[in-house]
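Working notes, structure below.
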Amino acid sequence: MPGGTDQTLRPFLWRAEKLYPDTEIVSRTHQGIERYTYSEYSDRTAQLANAMDEAGVPDDARVATFCWNHNRHFETYFGIPTTGRQLHLINPLLPDEHIQFIVDDADDHLIFVDPSLLEKLEGAADGASEFDGVEQFVVIGDSVPETDLEPVTDYESFIEGNDTDYDWPTLSEDRPAGMCYTSGTTGKPKGVEYTHQMLWSHTMASQSPQGIPMDDTDVVMPVVPMFHVNAWGMPFSATAGGAKHVYPGPSPEPEDLAHLIEEEGVTITAGVPTVWLGLMEYMEDNEVDLSALDTLIVGGSAAPEAMIRFFDDHDVELLHAWGMSEMSPIGSVSHLKGGLEDLDYDTQVEKRGKQGLIAPGLEFKVIDDDGNEIDWDGEDFGELYVRGPWVTQEYFKRPEANREDYEDGWLKTGDIVSVDQDGYLKIVDRAKDVIKSGGEWISSVELENELMAHDDVAEATVIGVPHERWQERPVAFVVPGEGIDADQLEADLRDLIGEEYPKWWMPDEFITIDEVPKTATGKFDKKVLRDEYADQSLVEGQVPEDASPGED
Ligand code: AMP
């Protein structure tokens, strides 16, 4: 017999509001710390829902955000999907061309934008017909700065005066609730839609003991941007558990994170390794009290073992997690399996440094080059395939991407993994031709195309090289045309990339070579270059400080 209602997001907020009306939601802003309770949060989400009705936003529209991590962004997390509309989180760190494509492809009706990101959005929207479908812009805050975007209003005026009650509709669990775009190897970003059912099941699995559980004694601070796969689902899980929320606001520095952890008593926080390397460096010279902190979630790129040891020494459990935009995003978490507590410490750290145990509710298989499933011996490797209730079944409007990335209901992750006897997944390589720098994707193919389009370039290729702070950075290999001066060419190419792409896409080095190595079929053989450069990790100092994805 079917249950009484579908699996939707609404009950999570309903419960938090009823059981924990006084629990706080805290946000760092340019003006200082803002705090209010679930009760006020709930009133404001109802006001937001009423405001969208009032503004004539269709009840099945896609509504976008272009924002950092703060309480008002969190208001859109429930305020938009629980009305039946779809919350589209746009990554503001993308090149303008990608943003234009995404806004057009998603057909966004309204965009909420942070004042500090207004200039970036204006730049992307400037003369771009892709923005023609956007009916309204709402700037977060209580006033509208000088802007070319129109029609425009500020967030507080938008919701002000609206009723704090809303007649929340009964929704089908198949209704799209969220959306993000993921940067593909080639071509345009691909849209991933999250239905209510996917977000509900992801939340419940996260709440299981082998996920990343959060309850009413927790203080949860997502540092992972809210424009990345719903901040790994933490705003939903924290609400489901009735936890206190802490949002670190725009571009938080390690010092800001340290203060929030100390002053708000953060018990669970999450982000990419680059963020925690920053905190570790800060702690070399500064006393930071981590006594409240129980769990640090590290994902998006591999957590270094030294990081696990560092936080163990400070009595904080580092939980290494792996996931993808297509998986809402959690796929595996590296808990120490029951029975392994007696292993020596080094072996335990080695296990915890792997990408972990598949989350309860998902299935996986690993297929080698010959199309066979690998042995679970920690040595064999192949491509990881996954399926489950919160794994998307297709890309938005992209049948050709569906054919490449899905097979009989399985998502082909593009991650090359081994599996040990205990079932721990370990990523050993990546089949997709993309570079992940500080948690953000750089398309090597797109950079290559840009370089190759230059008249003085005979051949060019771009690879990702390991980097201690950013995990990977791009390095370009260029074959100059006949009689071309390599130094002048490098200067021209730097100008070219600098004009078209955000600063952090700029390759750290341009290396002149005579020929790009080729495979037997004549394709660029990046593996040869990667092997050659794998041991030559780039060191700090080679990347300008302002190459941070957060700074562009
Ligand atoms: P995204 O869709 O942007 O979330 O990126 C997903 C991809 O990031 C995965 O397919 C992996 O290649 C990489 N990734 C995510 N988590 C980890 C991790 N813990 N270790 C290594 N790579 C990771």
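Because the structure is a prediction, the values reported are computed rather than measured. Each ligand, and each atom within it, is numbered from 1 in the order the structure gives. Note that these values count all heavy atoms, side chains included, but never hydrogens, waters or copies made by symmetry.
What you find for Phe131 and Ala124 is that their closest heavy atoms are CE1-O, 3.8 Å.
Residues Lys190 and Asp105 are not paired through a salt bridge, judged by the lack of any N-O separation under 4.0 Å between the basic side chain and the carboxylate. Lys365 has no carboxylate O lying under 4.0 Å from a charged side-chain N of Glu407, or vice versa, which leaves the two without a salt bridge.
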Point to revise | Verdict with supporting geometry, Ile90 and Asp108, side-chain contact (heavy atoms from CB on, under 4.5 Å) | key: CA-CA 10 Å; Ile90 307 179; Asp108 292 322; 3.9 Å; yes

Ignoring hydrogens and angles, write down the donor-acceptor pairs under 3.5 Å from the side chains of residues 297-304, residues two or more places apart or on other chains.
none

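Ring centroids of His73 and Phe112 are separated by 6.0 Å or more, keeping the two rings apart.
Within 4.0 Å of ligand 1, counting heavy atoms only, the contacting residues are Thr182, Gly300, Ser301, Ala302, His320, Ala321, Trp322, Gly323, Met324, Ser325, Gln355, Asp415, Ile427, Arg430, Lys432, Lys436, Trp441.
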